[in-house]
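Okay, structure first, notes after.
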Amino acid sequence: RSSAKLVAPLGCLVSRQKHTLPDLPYDYAALEPHINAEIMQLHHSKHHATYVNNLNVVEEKYKEALAKGDVTTQVSLQPALKFNGGGHINHTIFWTNLSPNGGGEPKGELMEAIKRDFGSFANFKEKLTAVSVGVQGSGWGWLGYNKEQGRLQIAACANQDPLQGTTGLIPLLGIDVWEHAYYLQYKNVRPDYLKAIWNVINWENVSSRYATCKK
């Protein structure tokens, strides 16, 4: 698939272009054996595409409600906007957080920040894995940046709740623990999926996000 730059999610509601499904910067099979091609194809072309399509529908309805001054409808659309908008935001980050050339450990400023805030990379990895394993039902485990405190922070979000929109943390690394992200390969053993995904984490992308949010 092409390596076209992923589009920025969620534009202006008043005069906006429709959201589109971003291309992956690698082939569906590129993350094997850690995440197989069938999962990647379904996850990207079906699940993420559904969030994009539903987001466009919800935003159009929201735009109409704004034009009419219909606050009741605006309020009633908030859950769908949060769910589908969050699904689009989260997955757009997730694809770039992964790479067939990933794995290992980060370097430079990100690694120093991890050591400062978690004691060691091993401690950080253990904590993020534990938080992700512990998500009840569907959701995400995140490494985020707390801009006010100037430190890294681990958090979990339910369903498709977007990290920054619900916690204020700037997303650096997201781990999708919805069953559609792993069930075809790992069945109900989420810890095995979480063990494997560290082999394809794109630390260059995570480091770039960290550098950007510190500016």
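Along the sequence shown, the residues carry numbers beginning at 1.
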Using the test side chain to side chain donor-acceptor pair (under 3.5 Å), find all partners of [X] that sit at least two apart in sequence or belong to another chain.
X	result
T73	D70
N146	Q153
Y51	Q160

Would you mind listing every ring pair (Phe, Tyr, Trp, His ring centres under 6.0 Å) that reaches into residues 144-173, with sequence neighbours excluded?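 Of all non-adjacent pairs touching residues 144-173, those that pass ring pair (Phe, Tyr, Trp, His ring centres under 6.0 Å) are Y145-Y210.
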Is there a chain of hydrophobic side chains (I, L, V, M, F, W, Y, each step under 4.5 Å between heavy atoms) that links L184 to Y182? yes
Test: salt bridge (Lys or Arg N to Asp or Glu O under 4.0 Å). Region: [range]. Which pairs qualify, not counting sequence neighbours?
range	answer
residues 178-187	none
residues 137-148	none
residues 86-111	E109-K214

Expected list for residues 125-133: side-chain donor-acceptor pairs under 3.5 angstrom, two or more places apart:
{"residue": "T129", "atom": "OG1", "partner": "K125", "partner atom": "O", "Å": "2.8"}
{"residue": "T129", "atom": "OG1", "partner": "W198", "partner atom": "NE1", "Å": "3.0"}
{"residue": "S132", "atom": "OG", "partner": "L128", "partner atom": "O", "Å": "2.8"}

Close side-chain approach of T96 and N202, heavy atoms under 4.5 Å: no
With a 4.5 Å cut-off on side-chain heavy atoms, are I89 and I93 touching?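 Heavy-atom side-chain distance check passes, below 4.5 Å.
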In a table with atom names and distances, give each donor-acceptor pair under 3.5 Å that connects a side chain of residues 79-87 to protein atoms at least two apart or in another chain.
{"residue": "N84", "atom": "ND2", "partner": "A80", "partner atom": "O", "Å": "3.0"}

List the atom pairs, with distances to 0.1 Å, where a side-chain N or O of residues 35-43 and a protein N or O form a donor-acceptor pair under 3.5 Å, not counting sequence neighbours.
{"residue": "N36", "atom": "OD1", "partner": "E38", "partner atom": "N", "Å": "3.3"}
{"residue": "N36", "atom": "OD1", "partner": "I39", "partner atom": "N", "Å": "2.9"}
{"residue": "H43", "atom": "NE2", "partner": "H91", "partner atom": "NE2", "Å": "2.9"}
{"residue": "H43", "atom": "NE2", "partner": "D176", "partner atom": "OD2", "Å": "2.9"}
{"residue": "H43", "atom": "NE2", "partner": "H180", "partner atom": "NE2", "Å": "3.3"}

For V71, what residues pass the side-chain contact (heavy atoms from CB on, under 4.5 Å) criterion, not counting sequence neighbours?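 For V71 the side-chain contact (heavy atoms from CB on, under 4.5 Å) partners, ignoring immediate neighbours, are Q74, V75.
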Carefully, step by step, assess W203 and F121 under the rule ring pair (Phe, Tyr, Trp, His ring centres under 6.0 Å). CA-CA 12 Å; W203 290 115; F121 179 76; 5.7 Å; yes
For Y183, check ring pair (Phe, Tyr, Trp, His ring centres under 6.0 Å) against everything at least two apart and list the hits.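 Not a single residue meets the ring pair (Phe, Tyr, Trp, His ring centres under 6.0 Å) criterion with Y183.
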